[in-house]
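Notes follow the structure.
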Amino acid sequence: MKTEFSLAQLADPDIAEADKILRACVHCGFCTATCPTYVLLGDELDSPRGRIYLIKEMLEKDKPPTAEVVKHIDRCLSCLACMTTCPSGVNYMHLVDQARVRIERDYSRPLTERALRAILAFVLPRPKLFRASMIMARLGRPFAGLLPTPKTAATPGLSRRIKAMLALAPKRLPAPGPSDGSVFPAVGEKRGRVALLQGCAQQVLAPRINQAAISLLTRHGIEVVLVKDEQCCGALTHHLGQDGDALARARGNITVWKKEVEQGGLDAILITASGCGTVIKDYGFMLREDRDFAEGAAQISALAKDITEFLSGIALAPSSQKGDVTVAYHSACSLQHGQKITGLPKELLSKNGFVVKDVPESHLCCGSAGTYNILQPDIASRLRDRKIANIATVKPDMIAAGNIGCMVQIAGGTSVPVVHTIELLDWATGGPKPGLTGPGLN
Ligand code: SF4
Ligand code: SF4
């Protein structure tokens with residue numbers, strides 16, 4: 001694609017990067033076929049190619065985007081299916097990330113929308129506040145029906161979004177998991193030492209996921225540390241275009257993780273929420289221009305691993321056959337498209353005795369996508385219903401996923417238990433049977 005940036009614009013490293021990405025696009029349109037919003041809405045401007053043109057124009061003109069441009073960029077899930085499909089290697093992720101930052105900086109959203117985004121950005125990364133808000137939402141849930149039901153609009157209104165938020169609140173919250181700073185020694189001979197990302201929403205909604213990871217890892221000789229003063233990885237605010245907050249969190253985490261590497265040694269930083277993993281693996285890029293943090297960021301990104309990547313390198317010890325349990329494996333977009341981890345979780349489940357079924361249209365997002373299911377509830381619900389209908393065709397006993405956002409989204413529309421891949425692996429290797437009630441959500 002031909003671009004028309006001035007030399008002065010190209011002096012900005014972000015614009016130079018955008019220019020490189022845009023020039024790689026040959027506008028073939030292959031990506032449209034696998035884009036969930038294009039599949040649902042059929043509008044070229046809701047396809048990757050359409051959005052690439054909109055972003056190109058916004059950046060070249062260097063003027064505040066119009067409401068129309070913002071509408072189509074906001075509808076993008078950042079699912080990255082387009083990156084998997086693209087034959088030219090267009091890095092849509094870095095392009096849309098930049099577009100979101102531009103929109104946040106240059107576009108004035110309506111007051112209610114700004115307020116909602118500010119609340120989400122403030123509450124979600126703070127587990128204590130998030131926990132309190134979930135309790136309040138649970139109390140407010142019975143009153144959701146009193147909110148007005150607006151007609152379907154191009155941009156959903158506040159009451160529709162509040163309803164979506166209330167619907168996502170769990171009926172009960174599990175007790176909090178272990179606090180940061182905890183160290184879980186290896187059982188038997190020590191074979192390694194890892195940090196386990198605590199996550200923010202996950203530690204409130206389903207602390208059992210990391211408990212299963214700790215139980216499995218320590219049983220296999222791996223010491224696990226929950227690093228003190230670790231914070232949200234920054235993914236939530238990064239996807240809202242609030243990069244000041246996201247980068248500050250990245251720098252904070254790099255500092256405490258590097259200290260842990262120096263003091264206790266770490267073989268890896270393990271992540272059980274793939275949405276977080278994709279962003280931590282991108283810290284190196286996000287901070288490439290930061291003289292003080294670029295090197296540390298690259299080092300941390302190299303240490304970051306999805307838990308299934310790490311487990312594939314150690315011999316797991318299955319203790320019982322689970323051949324009668326059929327598992328539908330839901331491939332989270334952040335894992336399959338963001339991190340290109342596709343076969344590994346399924347192989348681990350199969351090797352450890354489960355009957356694993358692929359879900360038809362597995363490349364399509366379930367509609368969770370960070371805060372997307374709150375900000376774009378109508379598209380998100382359609383994607384969830386489509387995902388659940390696809391899952392139902394394989395008649396599973398359980399649904400496994402590697403990302404809490406997907407687990408919450410899918411569990412909200414099915415009675416089939418939704419569990420994390422690590423819970424099944426822990427069970428198969430001597431841990432307890434997973435709760436089988438969804439991630440503490442139903
Ligand atoms: S598939 Fe790749 S090259 Fe083709 S239009 Fe989409 S982004 Fe551009
Ligand atoms: S990230 Fe997903 S929703 Fe956005 S353009 Fe790409 S495929 Fe479509």
Side-chain angles (χ1 to χ4, degrees), residues 1-3 17-59 65 68-103 154-156 235-236 238-241 274-275 278-279 281-282 330-340 342 361-384 386-387 403 405-406 409:
M1 183 180 284
K2 194 169 167 292
T3 57
E17 185 63 30
D19 182 61
K20 195 171 87 191
I21 298 168
L22 290 164
R23 282 173 179 271
C25 176
V26 294
H27 25 107
C28 62
F30 287 170
C31 51
T32 56
T34 56
C35 171
T37 53
Y38 184 72
V39 168
L40 286 191
L41 306 170
D43 182 341
E44 171 74 16
L45 293 179
D46 285 314
S47 78
R49 184 172 57 183
R51 291 185 177 115
I52 287 170
Y53 275 111
L54 293 177
I55 296 170
K56 172 182 177 304
E57 203 175 289
M58 172 172 76
L59 296 179
E68 189 65 9
V69 170
V70 174
K71 179 179 86 178
H72 295 293
I73 304 296
D74 279 355
R75 282 183 183 166
C76 169
L77 295 130
S78 281
C79 70
L80 311 181
C82 47
M83 283 180 63
T84 298
T85 316
C86 175
S88 302
V90 172
N91 194 322
Y92 178 83
M93 177 172 86
H94 289 156
L95 194 64
V96 79
D97 284 350
Q98 203 178 131
R100 293 194 201 282
V101 173
R102 267 305 168 112
I103 289 171
T155 305
L236 288 162
H238 181 58
H239 291 139
L240 287 168
S274 58
T278 305
V279 169
K281 287 182 175 182
D282 204 37
H330 163 71
S331 199
C333 295
S334 41
L335 209 49
Q336 63 166 324
H337 305 305
Q339 299 180 47
K340 306 291 178 227
T342 50
E361 292 190 329
S362 62
H363 60 282
L364 286 184
C365 181
C366 65
S368 166
T371 53
Y372 192 92
N373 48 7
I374 295 170
L375 295 172
Q376 300 286 342
D378 299 316
I379 299 174
S381 312
R382 288 173 68 186
L383 287 171
R384 183 192 70 182
R386 188 169 176 138
K387 180 64 68 184
N403 189 46
C406 311
Q409 175 80 347

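Basis for what follows: all heavy atoms, side chains included, without hydrogens, waters or symmetry-related copies. Residues: numbered from 1 along the sequence shown. No experiment lies behind these values; they were computed from the predicted model shown. Just so you know, ligand 1 is whichever comes first in the structure, and atom 1 is the first atom listed for that ligand.
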Identify, by atom number and element, the atoms of ligand 2 in contact range of [X], meaning under 4.0 Å from any of its heavy atoms.
X: Arg51; value: 3 (S), 4 (Fe), 5 (S), 8 (Fe)
X: Leu80; value: 1 (S), 2 (Fe)
X: Leu77; value: 3 (S), 4 (Fe)

So, does [X] use its side chain to make a donor-acceptor pair with the main chain of [Y] at under 3.5 Å?
X: Lys387; Y: Leu364; value: yes
X: His337; Y: His363; value: yes
X: Asn403; Y: Gly275; value: yes

In this structure, atom 2 (Fe) of ligand 2 is nearest to the protein heavy atom Cys79 SG, 2.3 Å
Residue, atom and distance of the protein heavy atom nearest atom 8 (Fe) of ligand 2 read Cys35 SG, 2.3 Å
Contact region, Cys365 to ligand 2, non-hydrogen atoms below 4.0 Å, reads neither
Does a side-chain N-to-carboxylate-O contact under 4.0 Å join Asp378 and Arg382?
no
Check your understanding: Do His239 and Tyr372 have side-chain heavy atoms sitting under 4.5 Å apart?
Key -> no
Less than 4.5 Å apart, side chain to side chain, heavy atoms only: is that true for Asp74 and Leu375? no
The atoms of ligand 1 lying under 4.0 Å from a heavy atom of Pro87, numbered in the order shown, are 1 (S)
Note on atom 6 (Fe) of ligand 1: protein N/O/S atoms within less than 2.8 Å are Cys31 SG
| task | Verify the distance criterion only: is there a donor paired with an acceptor across the side chains of Gln339 and Thr278 at less than 3.5 Å? | result | yes
We want to know whether His94 and Gln98 form a side-chain donor-acceptor pair, criterion being a heavy-atom distance below 3.5 angstrom. no
Below 3.5 Å, can you tabulate the donor-acceptor pairs from side chains in residues 26-39 to any protein atom, sequence neighbours excluded?
unit_1: Thr32; atom_1: OG1; unit_2: Gly29; atom_2: O; d: 2.6
unit_1: Thr34; atom_1: OG1; unit_2: Cys31; atom_2: O; d: 3.4
unit_1: Thr34; atom_1: OG1; unit_2: Thr85; atom_2: OG1; d: 2.6
unit_1: Thr37; atom_1: OG1; unit_2: Asp46; atom_2: O; d: 2.6
unit_1: Thr37; atom_1: OG1; unit_2: Arg51; atom_2: NH1; d: 3.1
unit_1: Thr37; atom_1: OG1; unit_2: Arg51; atom_2: NH2; d: 3.0

Below 4.0 Å from any atom of ligand 1, is there a heavy atom belonging to Gly89? no
- request: I would like to know whether Gln376 and Leu77 meet side chain to side chain contact (heavy atoms under 4.5 Å, CB included); could you show each step before the answer?
  value: CA-CA 9 Å; Gln376 300 286 342; Leu77 295 130; over 6 Å; no
Original post:
Does the shortest distance from atom 8 (Fe) of ligand 2 to an N/O/S atom of Cys76 fall below 2.8 Å?
Top reply: no
